[in-house]
Student: 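Have a look at this one before I ask anything.
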2 protein chains.
Amino acid sequence: MKRSKKKQFHEFMSGKGLKSTRQRDVVLDCFLASDRHMSTEELYMKVRAKNPTIGYATVYRTLKLFAESGIAREIHFGDGQTRYEHVAEGEHHDHLVCTRCGSVQEFENETIERLQQEIADQFGFQVETHKLELYGICAKCRQ
Amino acid sequence: MKRSKKKQFHEFMSGKGLKSTRQRDVVLDCFLASDRHMSTEELYMKVRAKNPTIGYATVYRTLKLFAESGIAREIHFGDGQTRYEHVAEGEHHDHLVCTRCGSVQEFENETIERLQQEIADQFGFQVETHKLELYGICAKCRQ
DNA sequence: TTATAGTATGACAATCAATTTCAATTGAGT
DNA sequence: ACTCAATTGAAATTGATTGTCATACTATAA
Ligand SMILES: [Mn+2]
Ligand SMILES: [Mn+2]
Ligand SMILES: [Zn+2]
Ligand SMILES: [Zn+2]
């Protein structure tokens, strides 16, 4: 799985005439080894631990490339931080976000997805993406 | 309806020992007279048209008070702009957002709301708020 | 292998929305 | 009118992100 994402990214890069670099490989390894829903800042810290010479701008630029290549998805939970999560091909999920501890639980619901489609159809709206997030208190934080 | 929101806001303010000012009244009038889903910037422009001496910070501060008082809700559509929309007491709706023309269509779906609740219950998660947005191309933009 | 052309990098400046600071002003109860 | 906390606008500041640019590097051709 990690092998295949590496491959996917490298194919995307060479297909666009973009280069493979030491820095990008470090960022990629840190991203793939990381928990999901990491903020750019958090990832930058992990990257620095491996190679302190890598700059902030490079991490930002590389994460955008991950999203373009399809191995990552950009997410926003409403704190001013952009986050990235791993994307499994053909999969989709939504999120439960704890406003107390910040933990994130993923879920899938086929019925909701279908209803969304129906609603869009009623309005003649063509859905490209959607975002469903439930914010509240997770089981642990409720004791 | 507009009378009652004005009232609601003024009651909230006096209840907190906060003052009624000329500036706040102008911002409130502009907000109530406006289309929904206005960005702070857009509202600021309307405010300036009525009273060019009112500052940016005052508009920001006042909109936060609207949200606190319950007459407005803060929304984020992923462009870097915070928006505010009118809140009707006891009502809730979600959004279809056109990524081409920026238009916003509101909808309500009781079944989806119920399913969200069920999912949260399964995880022992206590929902406080949620966000459901469908992004894509609206009927008009599809010709 | 070496030359070459275009890409990538990191330090730093710049941007953008939003917030904070602060001295001067104002609102509301007395 | 008096008092005092709340409010204001201008400007400075923050925090995340992006742009600039001179230097360094990668990949391919020769
Ligand atoms: Mn996720
Ligand atoms: Mn709305
Ligand atoms: Zn929690
Ligand atoms: Zn449209």
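A note on names: the letters A, B, ... follow the listed sequences, proteins ahead of strands, and every chain is numbered from 1. Model, not experiment: these values are computed from the prediction.
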Student: Given atom CD of B:E41 and atom C1' of C:dA18, what is their separation to the nearest angstrom?
Tutor: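 So the CD-C1' distance, B:E41 to C:dA18, works out to 12 Å.
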
Student: How would nucleotides 20-27 of chain C be written as a contact map, 5' to 3', with B for base contact, S for sugar-phosphate-only contact and - for no contact, using protein heavy atoms under 4.0 Å?
Tutor: BB-----B

Student: Can you check the A:D25 CG to C:dA8 P distance for me, whole Å?
Tutor: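 Roughly 13 Å, once rounded to whole Å.
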
Student: Can you check whether B:T82 has a side-chain N or O nearer than 4.0 Å to OP1 or OP2 of C:dA18?
Tutor: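 Answer is yes, contact under 4.0 Å.
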
Student: Could you check how far NE2 of A:H76 sits from C1' of D:dT17, rounded to whole Å?
Tutor: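 The answer, rounded to whole Å, is 11 Å.
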
Student: Where the side chain of B:R73 meets the backbone of B:H92, is there a donor-acceptor pair that is under 3.5 Å apart?
Tutor: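 It does not hold such a pair.
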
Student: Quick check against the 3.5 Å criterion: does B:R83 have a side-chain atom that pairs as donor or acceptor with the backbone of B:F77?
Tutor: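 Answer holds: no.
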
Student: Before accepting this row, confirm whether a basic side-chain N of the pair B:K6/B:D25 lies closer than 4.0 Å to the acidic partner's carboxylate O.
Tutor: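 No, this pair does not count.
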
Student: Does OP1 or OP2 of D:dT17 have a side-chain N or O of A:Y60 closer than 4.0 Å?
Tutor: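 The answer is yes; a side-chain N or O of A:Y60 sits under 4.0 Å from OP1 or OP2.
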
Student: Test side chain to side chain contact (heavy atoms under 4.5 Å, CB included) on B:T40 and B:Y44 and set out the steps.
Tutor: CA-CA 6 Å; B:T40 309; B:Y44 174 65; 5.5 Å; no

Student: OG/B:S103 to NE2/B:H95 distance, rounded to the nearest 0.5 angstrom?
Tutor: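 Atom-to-atom, B:S103:OG and B:H95:NE2 are 11.5 Å apart.
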
Student: To the nearest angstrom, how far is A:M38 atom CE from D:dA16 atom P?
Tutor: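 My rounded result for the distance is 15 Å.
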
Student: Return whichever of A:G17 or B:K64 has its heavy-atom-nearest nucleotide of DNA chain C closer to the 5' end.
Tutor: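 Nearest-nucleotide comparison on DNA chain C picks A:G17.
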
Student: Assert yes or no for the condition that the ring centre distance of A:F66 to A:F31 is strictly below 6.0 Å.
Tutor: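 Yes: the rings meet the under 6.0 Å criterion.
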
Student: How long is the line joining CZ of A:R24 and C1' of D:dC25, in whole Å?
Tutor: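 Going from A:R24 (CZ) to D:dC25 (C1'), I get 11 Å.
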
Student: Take B:Y56 and B:L18, find for each the nucleotide of DNA chain C with the closest heavy atom, and name the residue whose nucleotide sits nearer the 5' end.
Tutor: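 Residue closer to the 5' terminus by nearest nucleotide: B:Y56.
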
